[in-house]
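Taking it in order: structure first as structure tokens, then the write-up.
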Amino acid sequence: HRGVSMPQVGFYRNYGKTYKKPRRPFEKERLDAELKLVGEYGLRNKRELWRVQVVLSKIRNAARTLLTLDDKDAKRIFEGQALMR
């Protein structure tokens, strides 16, 4: 048993951030709006709200770039259908 060692799994995980903190931490209007949304949708904390905002901004950004392409463009048709789902 001494010579046999357990297989070592050597890999690094670096999957980008899933949320983005607001630029200004103590902006009254934003804090109030966030608190209202957290209460309305029963989120655990502000980080859950920021995570959803990042996902939505990525979707909007992708949609914007697709809208700049030509109507008949294959990429626009294919990725547009995927985005709608």
Side-chain angles (χ1 to χ4, degrees):
H1 284 15
R2 263 184 200 272
V4 180
S5 63
M6 293 295 291
Q8 294 290 318
V9 180
F11 63 91
Y12 299 103
R13 285 191 306 195
N14 189 10
Y15 305 132
K17 289 189 70 148
T18 53
Y19 66 95
K20 188 168 176 261
K21 286 184 185 174
R23 284 207 183 105
R24 298 182 177 151
F26 301 109
E27 209 171 14
K28 185 84 171 94
E29 299 90 48
R30 184 190 47 75
L31 286 172
D32 293 342
E34 281 178 351
L35 192 65
K36 193 174 171 189
L37 284 170
V38 166
E40 190 177 336
Y41 295 103
L43 304 175
R44 265 185 304 157
N45 48 35
K46 300 280 182 80
R47 196 180 311 133
E48 287 189 346
L49 180 67
W50 300 336
R51 185 172 64 207
V52 174
Q53 285 175 339
V54 165
V55 171
L56 283 176
S57 78
K58 284 181 180 173
I59 290 173
R60 280 200 308 270
N61 195 13
R64 262 188 236 114
T65 54
L66 287 177
L67 283 171
T68 61
L69 300 173
D70 188 49
D71 286 346
K72 307 278 189 291
D73 193 334
K75 180 179 177 185
R76 176 176 170 164
I77 293 167
F78 181 74
E79 289 188 15
Q81 293 295 326
L83 257 184
M84 296 304 280
R85 278 188 242 113

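Values reported hereafter were calculated over all heavy atoms of this structure, with side chains retained and with hydrogens, waters and symmetry mates removed.
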I'd like a table of donor-acceptor pairs (distance under 3.5 Å, sequence neighbours excluded) in which one partner is a side-chain atom from residues 16-29, with atom names and distances.
{"from": "K28", "atom 1": "NZ", "to": "D32", "atom 2": "OD1", "distance (Å)": "3.3"}
{"from": "K28", "atom 1": "NZ", "to": "D32", "atom 2": "OD2", "distance (Å)": "3.3"}

Sequence neighbours excluded and cut-off under 3.5 Å, please list the side-chain donor-acceptor pairs for residues 76-85, or say none.
{"from": "R76", "atom 1": "NH1", "to": "L69", "atom 2": "O", "distance (Å)": "2.9"}
{"from": "R76", "atom 1": "NH1", "to": "D71", "atom 2": "OD1", "distance (Å)": "3.1"}

Taking distance alone, no hydrogens or angles, what donor-acceptor pairs closer than 3.5 Å link side-chain atoms of residues 60-68 to residues at least two apart or in another chain?
{"from": "T65", "atom 1": "OG1", "to": "N61", "atom 2": "O", "distance (Å)": "3.4"}
{"from": "T65", "atom 1": "OG1", "to": "A62", "atom 2": "O", "distance (Å)": "2.7"}
{"from": "T68", "atom 1": "OG1", "to": "T65", "atom 2": "O", "distance (Å)": "2.5"}

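R30 CZ: more than 12 foreign heavy atoms inside a 6.0 Å radius.
Counting heavy atoms from C-beta outward, E48 and Y41 have side chains that stay 4.5 Å or more apart.
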>> For a side chain to side chain contact (heavy atoms under 4.5 Å, CB included) check, start with the C-alpha distance between R44 and V38, then their side-chain angles and the critical distance, and finish with the verdict.
In response: CA-CA 7 Å; R44 265 185 304 157; V38 166; over 6 Å; no
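Using a 4.0 Å cut-off between charged nitrogen and carboxylate oxygen, K36 and E40 do not count as a salt-bridge pair.
Considering CG of N45 and CD of E34, their distance stands at 11.0 Å, rounded to 0.5 Å.
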